2 protein chains.
Amino acid sequence: MLLSKTSEYGIRAMLHLAGIGGREYVSVKRISETLDISFHFLTKIFQQLARAGLISSYRGPNGGVRLEGDAKTITLRAVVIALDGPDLFTKCVLGLPGCTEDRPCPLHDHWATSRSEIENMLGEKSLDEVGQDLRSGGYRLKAGAEWTGS
Amino acid sequence: MLLSKTSEYGIRAMLHLAGIGGREYVSVKRISETLDISFHFLTKIFQQLARAGLISSYRGPNGGVRLEGDAKTITLRAVVIALDGPDLFTKCVLGLPGCTEDRPCPLHDHWATSRSEIENMLGEKSLDEVGQDLRSGGYRLKAGAEWTGS
DNA sequence: CAGTTTTAAGACAATTTTATCGGTTATGTT
DNA sequence: AACATAACCGATAAAATTGTCTTAAAACTG
């Protein structure tokens with residue numbers, strides 16, 4: 001599995017926020033119900049994202065979470081790094097410590113290519129852009145739903 | 001993490017066998033010591049690979065495991081599928097069931113590209129070819145070793 | 001101020017993955 | 001036949017991941 005459940009949920013939630021657009025706070029409860037994700041688990045995920053500075057949160061009535069700063073500058077790559085850590089983009093595919101150009105594993109170069117392909121996929125598009133895709137319709141963020149942009 | 005520990009170990013062990021070349025049986029104990037992998041764990045991995053038909057095994061003195069059939073036809077893709085299952089090559093990157101062209105997640109197309117890149121990396125080269133690379137030197141399969149082809 | 005809504009945070013439980021251990025069975029050697 | 005080697009197999013344990021619950025703390029409402 002490429003991504004942990006934590007990252008899967010986190011990405012879906014962040015894309016959902018991007019799809020909504022706007023700067024209002026959205027309650028985690030609401031998001032968890034819309035996307036069919038465990039509320040308490042999602043809460044923790046947002047706490048991590050808040051510590052990483054990717055969202056801000058607000059307590060009390062009409063509180064919730066929202067994308068922090070400019071959605072144009074947030075990438076999925078940053079979300080994955082905040083939740084799963086940077087291993088996917090840095091570690092040897094065979095788990096060998098100190099796998100470098102000098103002392104490579106047999107897959108070193110090949111994996112470097114695949115990895116940058118993945119890094120591109122997650123890093124080239126901003127959350128804002130994907131949000132626009134979502135609003136244009138035709139995409140979904142949960143099982144069985146046609147669209148979950150809002 | 002792209003691959004499970006099981007697959008990481010399995011690939012390293014299979015590449016090791018390919019690097020040795022030849023048709024003799026090599027004991028799992030010996031392999032586990034050479035590659036610094038838990039013996040009992042590696043035993044189980046080879047059992048899975050045997051059930052998948054990628055290796056054959058032989059009990060008793062001078063027994064062990066060896067690549068089954070022609071090393072030219074075995075790919076790392078087959079090893080990963082035997083150990084981790086086909087999910088990496090089939091499932092939605094966000095874990096959404098039924099994510100298809102018709103009803104895609106926002107990453108569907110992008111992931112399809114990255115995925116086939118990975119599938120290529122693991123599927124285009126045979127174990128035999130990587131084995132030759134190993135014998136030519138300069139690669140390693142364990143932490144801290146210069147070369148573990150034999 | 002009391003009560004409600006909502007995130008924050010930590011403890012706890014379940015599940016999956018990773019790893020270890022011990023005994024059994026097959027095979028070869030003496 | 002007795003012994004050594006080595007894969008096979010099931011049970012167990014440790015660790016990481018995933019998920020749940022409970023209590024706090026903050027913010028609003030009346």
Side-chain angles (χ1 to χ4, degrees), chain A residues 1-14 17 24-68 80 82-85 87-88 91 94-95, chain B residues 1-14 17 24-68 80 82-85 87-88 91 94-95:
Chain A
M1 211 91 80
L2 186 77
L3 303 172
S4 67
K5 286 284 172 197
T6 299
S7 275
E8 282 182 12
Y9 295 160
I11 288 177
R12 285 171 57 204
M14 291 294 269
L17 284 177
E24 312 84 36
Y25 287 102
V26 184
S27 86
V28 178
K29 184 88 187 167
R30 182 121 184 284
I31 299 173
S32 76
E33 284 164 358
T34 308
L35 298 183
D36 262 330
I37 299 173
S38 150
F39 164 69
H40 282 98
F41 197 16
L42 189 55
T43 281
K44 286 193 182 174
I45 292 170
F46 273 122
Q47 282 165 26
Q48 290 184 66
L49 292 172
R51 284 191 211 103
L54 299 177
I55 62 150
S56 58
S57 62
Y58 202 80
R59 295 203 259 205
N62 303 316
V65 295
R66 71 176 182 203
L67 299 184
E68 177 63 15
V80 170
L83 297 175
D84 279 353
D87 282 3
L88 180 61
K91 274 191 37 172
L94 295 182
Chain B
M1 210 93 80
L2 185 77
L3 302 173
S4 67
K5 284 284 172 199
T6 299
S7 275
E8 282 182 13
Y9 295 160
I11 287 176
R12 284 171 58 203
M14 291 294 269
L17 284 176
E24 311 83 39
Y25 287 103
V26 184
S27 86
V28 177
K29 184 87 186 168
R30 183 124 183 284
I31 299 172
S32 77
E33 284 164 356
T34 308
L35 298 183
D36 262 329
I37 298 173
S38 149
F39 165 68
H40 279 99
F41 197 19
L42 190 54
T43 280
K44 292 202 174 165
I45 292 171
F46 273 122
Q47 281 165 26
Q48 290 184 67
L49 292 171
R51 285 190 211 102
L54 299 178
I55 61 149
S56 59
S57 61
Y58 201 80
R59 294 205 258 204
N62 304 315
V65 296
R66 70 175 183 204
L67 299 184
E68 175 64 14
V80 170
L83 296 175
D84 279 354
D87 282 3
L88 180 62
K91 275 192 37 174
L94 296 182

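The model shown is predicted, which means the values in this text are computed figures rather than measured ones. Chain naming here is simple, since letters A, B, ... match the order of the sequence lines and numbering starts at 1 in each.
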How would you label the contact of A:Val65 with the nucleic acid (heavy atoms, under 4.0 Å): base, sugar-phosphate, or nothing?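 No contact at all - A:Val65 keeps every heavy atom at 4.0 Å or more from the nucleic acid.
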
Please examine the side chains of A:Val65 and A:Ile31, heavy atoms only from C-beta on, and report whether any two atoms are closer than 4.5 Å. yes

May I ask you to test the A:Met1-B:Met1 pair for a side-chain heavy-atom distance under 4.5 Å? no

Looking at D:dC9, I'd like to know if its phosphate oxygens (OP1 or OP2) sit under 4.0 Å from a side-chain N or O belonging to B:Thr43.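 No, outside the criterion.
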
Does D:dC8 have OP1 or OP2 sitting under 4.0 Å from an N or O in the side chain of B:Ser57?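 Yes.
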
Round to the nearest Å and state the distance from [X] atom [atom1] to [N] atom [atom2].
X: A:Tyr25; N: C:dA8; atom1: OH; atom2: C1'; value: 15 Å
X: B:Leu83; N: C:dT18; atom1: CG; atom2: C1'; value: 14 Å
X: A:Met1; N: C:dT17; atom1: CE; atom2: P; value: 8 Å
X: A:Gln48; N: D:dG19; atom1: CD; atom2: C1'; value: 14 Å
X: A:Phe39; N: C:dT5; atom1: CZ; atom2: C1'; value: 11 Å
X: B:Ile45; N: C:dT20; atom1: CD1; atom2: P; value: 12 Å
X: B:Glu33; N: D:dT5; atom1: CD; atom2: P; value: 13 Å
X: B:Leu2; N: C:dT17; atom1: CG; atom2: C1'; value: 16 Å

Nearest-0.5 Å distance that lies between atom [atom1] in [X] and atom [atom2] in [Y]:
X: A:Ser32; Y: A:Phe41; atom1: OG; atom2: CZ; value: 13.0 Å
X: A:Leu94; Y: B:Ile11; atom1: CG; atom2: CD1; value: 5.5 Å
X: A:Asp84; Y: A:Ser7; atom1: CG; atom2: OG; value: 3.0 Å
X: B:Arg12; Y: B:Leu42; atom1: CZ; atom2: CG; value: 9.5 Å

In terms of heavy-atom contacts, does CG of A:Asp87 have more than 12 from other residues, nucleotides or ligands at under 6.0 Å?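 Yes, because the 6.0 Å sphere around CG of A:Asp87 holds more than 12 heavy atoms from other groups.
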
Rounding to 10°, can you tell me the angle the first-five-pair axis of the helix from C:dC1-D:dG30 to C:dT30-D:dA1 makes with its last-five-pair axis?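 Axis angle across the helix from C:dC1-D:dG30 to C:dT30-D:dA1, nearest 10°: 10°.
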
Does B:Lys5 form a salt bridge (Lys or Arg N to Asp or Glu O under 4.0 Å) with B:Glu8? I'd like the steps, not just the answer. CA-CA 5 Å; B:Lys5 284 284 172 199; B:Glu8 282 182 13; 3.6 Å; yes

First encountered from the 5' end of DNA chain D, between A:Ser38 and B:Gly64: B:Gly64

Which nucleotide in the list [options] gets nearest to the side chain of [X]?
X: B:Lys44; options: D:dT18, D:dA7, D:dA11; answer: D:dA11
X: A:Tyr9; options: D:dA7, C:dT18, D:dG19; answer: D:dG19
X: A:Phe41; options: C:dA8, D:dA7, D:dG19; answer: D:dG19

Looking at every non-hydrogen atom in both residues, tell me the closest pair between A:Thr6 and A:Leu83 and how far apart they are.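 A:Thr6 and A:Leu83 have their closest heavy atoms at O-CD1, 3.6 Å.
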
Please output the side-chain donor-acceptor pairs of residues 43-58 of chain B that fall under 3.5 Å, not counting sequence neighbours, one pair per line with the distance.
| unit_1 | atom_1 | unit_2 | atom_2 | d |
| --- | --- | --- | --- | --- |
| B:Thr43 | OG1 | B:Phe39 | O | 3.2 |
| B:Ser56 | OG | B:Arg66 | NE | 3.4 |
| B:Ser56 | OG | B:Glu68 | OE1 | 3.0 |

For nucleotides 22-30 of chain C, 5' to 3', base contacts (B), sugar-phosphate-only contacts (S) and non-contacts (-) with protein non-hydrogen atoms under 4.0 Å give B--BBBS--

